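Inspection log for the structure reproduced underneath, given as structure tokens.
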Amino acid sequence: MSRYNAGEVEAKWQARWTELQSFASQADPSRPKYYVLEMFPYPSGRIHMGHVRNYTLGDVIARYKRAQGFNVLHPMGWDAFGLPAENAARDSRVHPARWTYDNIAAMRQELKSMGLSLDWRRELATCHPGYYAQQQRLFLDFLAADLAYRKESWVNWDPVDQTVLANEQVIEGRGWRSGAPVEKRQLAQWFFRITAYAPDLLAALDKLDRWPERVRLMQANWIGRSEGAQFKFRLQGRDDAIEVFSTRPDTLFGASFLALSPEHALARELAAKNRDLAAFVAETRQSGTSAVALETAEKKGIDTGLRAIHPFDPARSVPVYVANFVLMEYGTGAIFGCPGHDQRDLDFARKYGLPVIPVVLPPEREAKSFAIGAEAYTDEIGRAINSGFLDGLEVADAKRAAIAKLEALGQGRGTVTWRLRDWGVSRQRYWGCPIPVIHCAACGIVPVPAKDLPVSLPEDVAFDRPGSPLDHHPTWKHVACPRCAKPARRDTDTLDTFVDSSWYFARFCSPRADVPAERAQVDYWLPVDQYIGGIEHAILHLLYSRFFTRAMRKTGHAALDEPFAGLFTQGMVLHESYRSAEGKWLYPEEVKKDESGGAIEIASGKPVTIGRREVMSKSKKNVVAPSAIIAAYGADTARWFMLSDSPPERDLEWTEAGAQGAWRFVQRLWRLVDEPSPERPVAAKGAARPDAAGGARDPLREIHKAIAQVTESIESFRFNVAVAKIYALANAVEQFAGVDPAAASARRFGLETLTVLIGPMMPHLAEEMWRRLGHESLLVDQPWPKADPDLARDDLAMIAVQVMGRLRATIAMPRDSAEDAVKAAALAEDNVKRYIESKPIRKVIVVPNRVVNVVL
RNA sequence: GCCCCAAUGGCGGAAUGGUAGACGCGGCAGACUCAAAAUCUGUUGGUGGAGACACCGUGCUGGUUCAAGUCCGGCUUGGGGCACCA
């Protein structure tokens, strides 16, 4: 008995596939195409289990579609720009490029050991000038098409490090390195006009029928279309007015204050003359720019002393506050507060002693007794009260009436606002794509001429002093203006790394072209038929890619509507965490488990605290290196474990026991083909297929059932179910009885089917089994089997018989028996009779081949 | 704080509104072995019962239905995202 040597076998077949270019893809309009793409990795240095899961899922699809005859494109690349390379440069004095390319080399080797069916000839890295040159071209085209523009915007500023901080670098309001309190600062930055496509980005979600519903919902909420009204409050004693936006104009009679964003022009103007206000505005600048920081901060405001006149009742006026929770980016930067029907407004009103007037009466309540307590009434159901001409109207009608009145008064109009903001893409960093524009004192913003692209990153940069490396480089930014030839200066910002990943799927179609995308190639390959990645990208990355697709269409680089026709979001890989008696985190290999479920630290023998399972992270040391698993068990075992047990969209816990279980199954499959015995003969290669009439009805049913179920499960991304059905087929094949030619033939058909079905999941083992079964051809070139529905069908149906919904008997009937026959058989069961007794039967429900329910 | 999702045996999970627990892991019993590992066979939701069988059971709670893990309402707990991490 030969033990299956995964290491040797896997290396052999990987070499063979490479040698034969089995996975090289080429556009071929005569064949149906299928583009499978997994989210490309950031080159952090080593692959982690999340990558193994992601790329295994994609590889199953790629190999399966290939077996079905599709011309498959399955590429891989590197999301290679980003902050960690600069941090490494600062901490370890290694150049970002060196660090990145070393990491890529290491990770490429690890990915190759997984046996993925990738077309490596198309590999790309976003930090390569060949890639970012084309990105600069796109940027300039977007600029010309008015899809890119400059405006002032706020950033987190670290006053000690003299640098802009990412939100994740702001810890409790302080810079992560300097510890200095972060300030908000305004900088001129580049923006992409994603809001121009807001209506289309929202409407087109309906057509993405192969996207998870929850991702579409999250995107819709993010885009955030709101219907409402925009209107003016005139100010007492001043000529100007405050423009507000509200989705609830029907509650206008309940207004008890106005609130301005601290960044509102009027707030700034007033702050210049009002010390308290100036202090308050300065205080709000201490908090970070993130939504969490804003919304979890205590809601505070300051009375400006101004009063605003109610649009519907000139005799009424309300105080004007400046409040820290009003966003300048949304609506008009000013709101009216209606405490009765908005919880935040209510909290604010209670805090500052402002009146609370209920103006919507919930159904079944009395106007006289209805009052607002600790909770605002925010449901949009009920009738207007205390609201003058709106009284008695339902909320929807009251909204319409209020807007009509505002329009008649010339005070405002009905309008639609979007939560989505334009995409700020400027980053004050080195390791990113340089923004290809030149700032000239005389000519303004001048695009870098096409002949001068790419604008390359200088290599000699210093990371040991505060500020942006590109900005303080001695020569890089100094250039002659392309228009007037006078001294000018390059833009020293680089592009957000989300820009890099917003079009890489298109670049894979023609990765070396000297245009961003070759039309013939993208027209053939795009859209991506199946995109696979983490749910954490549900909003930003996917939305930005959808924007890029539209922007590339407008600038003539592609003609498609949506980049990803199918999307699958996988769950994360979790592991238990371990803490030593001293409270230090321990790696799984430093811990030994005992039978009782406890664990000890191997080095000290002391007991270990087992923490809950959570996302694998270096800081908690609850990580298992894929390279170690592949070295110990082989890639097929790792792949199989990733696919079995947990549904791919759910989180998966990596366990040693599970990995060993997968390894045992690999060995078991190998023994099935490697150990023929006289009691279990296998027909020779090419022998006639088993025949239903020739006594092979049962084996044939098992095999065809398995083909149908595995195919269906893969199609619907339920790989764990496919795995279960493969186990079932392996169990069935082992049980095939008999030594006659019919049995031998059934056994061969069963083993060959099993081999083809595991092909996408455990490709090396499958290839080796195929060879062991006597085939010269490669398994990767075998077509996917087709199930015969007649052969897969059961002859008997097991029908549950219920009395009043409770199971009382089970009867076996020929499939598709007449309803009357089923009913009669059900009522004849002793146990059924027992429960019916002498009670009259009201109704008998018969679900064909499934259930009979007797209703008394 | 806001948006989105999830919860089923000891564990991972299966289940077009129709027999809850497929398949795997683990456990228990047995076979093989000098012994162990590996492998094979049987068994395994809980309670009661010799058994037939009965009752209970899909996070909590209320509802719709002949029938609810599945649909609807209200909660609890855990997770993802929140615009400069990728």
Side-chain angles (χ1 to χ4, degrees), chain A residues 1 3 39-42 44 79 81-84 155-156 164-170 189 194 212-215 217-222 224 289-297 299 325 329 343-344 419-429 496-498 500-501 534-541 543-544 569 571-572 574 595 597 612 614-615 644-647 649-653 655 657-658 660-662 664-665 667-668 671 718 720-721 723-728 731 734 798-802 804-810 831 842-845 847 849-856:
Chain A
M1 155 179 168
R3 199 168 157 83
M39 291 179 183
F40 65 165
Y42 179 79
S44 56
D79 190 11
F81 275 139
L83 272 180
V155 294
N156 298 311
V164 176
L165 297 177
N167 283 332
E168 73 155 13
Q169 296 173 323
V170 180
Q189 314 215 58
I194 189 171
E213 182 57 32
R214 62 170 160 152
V215 174
L217 241 177
M218 281 191 269
Q219 292 225 344
N221 288 336
W222 187 261
T289 57
S290 74
V292 186
L294 284 173
E295 290 188 44
T296 53
K299 308 288 178 288
F325 58 85
E329 292 85 5
Q343 192 59 44
R344 195 175 51 191
R419 211 185 74 97
L420 184 67
R421 309 198 300 258
D422 275 336
W423 173 15
V425 294
S426 295
R427 298 291 181 272
Q428 296 68 42
R429 320 230 177 265
D496 180 6
T497 55
F498 269 124
D500 311 337
S501 55
I535 184 70
E536 67 273 18
H537 293 292
I539 298 177
L540 292 181
H541 162 61
L543 196 61
Y544 291 154
T569 53
M572 294 172 305
L574 316 179
E595 300 82 38
R612 64 190 178 88
E614 50 196 317
V615 185
S644 40
D645 292 357
S646 293
E649 70 278 10
R650 288 250 281 267
D651 290 347
L652 170 145
E653 186 192 2
T655 61
Q660 280 170 8
R664 277 201 299 274
F665 187 60
Q667 295 290 345
R668 193 177 139 205
R671 278 196 309 273
R718 296 175 326 152
N720 57 321
V721 179
V723 163
K725 301 303 180 190
I726 286 171
Y727 271 113
N731 293 344
E734 278 183 329
M798 299 300 285
I799 299 174
V801 184
Q802 304 174 334
M804 293 303 285
R806 304 191 65 109
L807 181 71
R808 297 304 178 191
T810 309
N831 208 35
R842 288 207 312 190
K843 156 155 88 153
V844 178
I845 289 157
V847 181
N849 299 321
R850 286 195 170 269
V851 82
V852 176
N853 190 10
V854 181
V855 185
L856 300 177

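Each chain gets a letter, A, B and so on, in the order the sequences are listed, and its residues count up from 1. Treat the numbers as computed from the prediction; the structure is a model and nothing was measured.
- Side-chain atoms of A/V292 lie closest to B/G1 of the nucleotides B/C25, B/G1, B/G80.
- For A/R808, the side-chain atoms get nearest to B/A54 when compared with the rest of B/G13, B/A54, B/C4.
- In this entry B/C84 has no Watson-Crick or G-U wobble partner, no candidate having both defining distances under 3.5 Å.
- Separating the C1' atom of B/U8 from that of B/C23 is a span of 15 Å, rounded to the nearest Å.
- For B/A68, there is no paired nucleotide, since no Watson-Crick or G-U wobble pair has both relevant distances below 3.5 Å.
- Contact detail for A/N720 and A/S644: the closest heavy-atom pair is CB-C, 4.2 Å.
- Residue contacts shown for A/G82 are limited to sugar-phosphate atoms, with no base heavy atom under 4.0 Å away.
- Contact of the A/L294 side chain with the A/F325 side chain is not registered, since no non-hydrogen atoms from C-beta on lie closer than 4.5 Å.
- In this structure, A/T569 reaches neither bases nor backbone, as no heavy-atom distance under 4.0 Å exists between it and the strands shown.
- Here B/C23 is the nucleotide among B/C23, B/C5, B/G18 with the atom lying nearest to any side-chain atom of A/Y727.
- On a pure distance criterion of 3.5 Å, a polar donor-acceptor pair joins the side chain of A/Q189 and the base of B/C84.
- Residue-level contact check: A/R344 touches neither bases nor backbone, having no heavy atom under 4.0 Å from any strand.
- Remark: the separation of the P atoms in B/A38 and B/A52 is 34 Å, to the nearest Å.
- Among the atoms of the strands shown, only primed sugar atoms or phosphate atoms (P, OP1, OP2) are found under 4.0 Å from some heavy atom of A/A657.
- At a threshold of 4.0 angstrom between heavy atoms, the contacts of A/Q428 include nucleobase atoms, whether or not backbone atoms are also involved.
- Base-pair partner of B/C23: B/G12 (Watson-Crick or G-U wobble, both distances under 3.5 Å).
- If you measure from atom CZ of A/R668 to atom C1' of B/A38, you get 14 Å, rounded to the nearest angstrom.
- Rounded to whole angstrom, the span from the OH atom of A/Y544 across to the C1' atom of B/A86 amounts to 13 Å.
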Could you list the protein-to-nucleotides 66-68 of chain B atom pairs, N/O on both sides, closer than 3.5 Å?
residue: B/C66; atom: O2'; partner: A/N853; partner atom: ND2; Å: 3.3
residue: B/C66; atom: O2; partner: A/N853; partner atom: ND2; Å: 2.6

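- A straight line from CZ of A/R671 to C1' of B/C40 spans 10 Å, rounded to a whole angstrom.
- Heavy atoms of A/T296 sit under 4.0 angstrom from at least one base atom.
- Take the nearest nucleotide of RNA chain B for A/V215 and for A/H537: the residue whose nucleotide is more 5' is A/V215.
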